[in-house]
Structures are given as structure tokens and as C-alpha cells.
Amino acid sequence: MTTTQADDELWSAIADPSRRRVLDLVVRNGEVSASWLAGRVPFTRQAVAKHLVVLEQAGLVSRRKQGREVLYQVDADRLDQATRALADLAAQWDRRLGAIKRLAEAAHAEAKKKRRP
């Protein structure tokens, strides 16, 4: 899988608010089962299972079997990678917005000069 594909899967996985809720519960509670998660969200166990599949494909959670139960846990490295990627993206947007602000202020100052007699 290319980096772009992995990033697309990551952004797609965390774009959904319900999926972020599931991820947040896994982060806060360590290893949990889909049934346990389903008892703490306002949607079905089937929906939880589907969200877990997407999170697993994005590398954000992993699973292990314990007897009959499947337990899910966060992949801390991938979550850290996602956090850094979001911070980098935020910094890029801050730089872009700063440049737009400087251009707008310069254009406003220039227009103000031209209006003076």
C-alpha cells in the first residue's frame, strides 16, 4: 500500500464521528470487545463491528483473540502518526491563512493609499 493510500484510509477512518467515538472508547479503555463497545454507543453491535473493521484497515486498532472473545486495542504508533499528520496539516493551513491575511492587509493598505487626496 502506498503512503497516499494509507493516508486516505486514515483520513477516511477518522472522518466519521461514530468511528471516532469507537476509537476514543478503545483509546480510553484499553482492550475491549465489540460487545462492550456496543453497550456504550448509540448504535448496533453490527455497526460497531463495521467501524472496527475500518479502524483496523487504517491501522488504528488491532485485535487479538482471547478464548471466544475478540479484543481490540489501539495501535499507539499509528495513532501517534495520525496525530503528527494532523498537526502538520494544521501548521500548513496556519501558514496559508497567514499568507492570505498578509496579502489582504497589503491590498487594503494599498487601496487606502490610493483613496487619499
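Just so it is clear, the structure is predicted and the values come from calculations on it, not from any experiment.
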- line: Value for CD (E9) from CG (L60), rounded to nearest 0.5 Å, stands at 10.0 Å
- prompt: Do V27 and W11 belong together in a cluster built from hydrophobic side chains that touch within less than 4.5 Å?
  reply: yes
query: Closest heavy-atom contact between S33 and L71?
result: N-CD2, 3.9 Å
task: Decide yes or no for V32 and L25: does some side-chain heavy atom of the first lie under 4.5 Å from some side-chain heavy atom of the second?
output: no
Joint cluster assignment, L10 & L89, ILVMFWY side-chain distance < 4.5 Å: no
statement: In this structure, CG of L55 is separated from CG of D75 (nearest 0.5 Å) by 11.5 Å
message: Nearest 0.5 angstrom please: L52 CG to R63 CZ, how far?
response: 9.5 Å
task: Check R40 against R21 and note the closest heavy-atom contact, atom names and distance.
output: O-NH2, 3.4 Å
Salt bridge (charged side-chain N to carboxylate O under 4.0 Å, His left out) assessment of D80 paired with R84: CA-CA 6 Å; D80 185 51; R84 284 192 314 266; 2.3 Å; yes
query: How about Q92: does its CD atom have over 12 heavy atoms from other parts shown lying under 6.0 Å from it?
result: yes
statement: So CG of L79 and CG of L23: to nearest 0.5 Å the spacing works out to 6.0 Å
message: Applying a strict under-4.5 Å side-chain criterion to I, L, V, M, F, W and Y, I'd like to know whether V41 and V53 cluster together.
response: no
field: Reported NZ-to-CZ distance for the pair K50 and R45, which is rounded to 0.5 angstrom
entry: 12.5 Å
message: With a sphere of 6.0 Å drawn around CZ of R78, does it hold more than 12 non-hydrogen atoms of other residues, nucleotides or ligands?
response: yes
message: Test of understanding: with salt bridge (Lys or Arg N to Asp or Glu O under 4.0 Å), list the residues that count as partners of K112, not counting sequence neighbours.
response: none
- request: Could you tell me which non-hydrogen atom of A15 sits nearest to which non-hydrogen atom of R20, and how far apart they are?
  value: O-NH1, 3.0 Å
- prompt: Cluster question for you: counting only ILVMFWY and a side-chain heavy-atom cut-off of under 4.5 Å, with indirect links fine, are W36 and V26 together?
  reply: yes
statement: Value for OH (Y72) from NE2 (H51), rounded to nearest 0.5 Å, stands at 13.0 Å
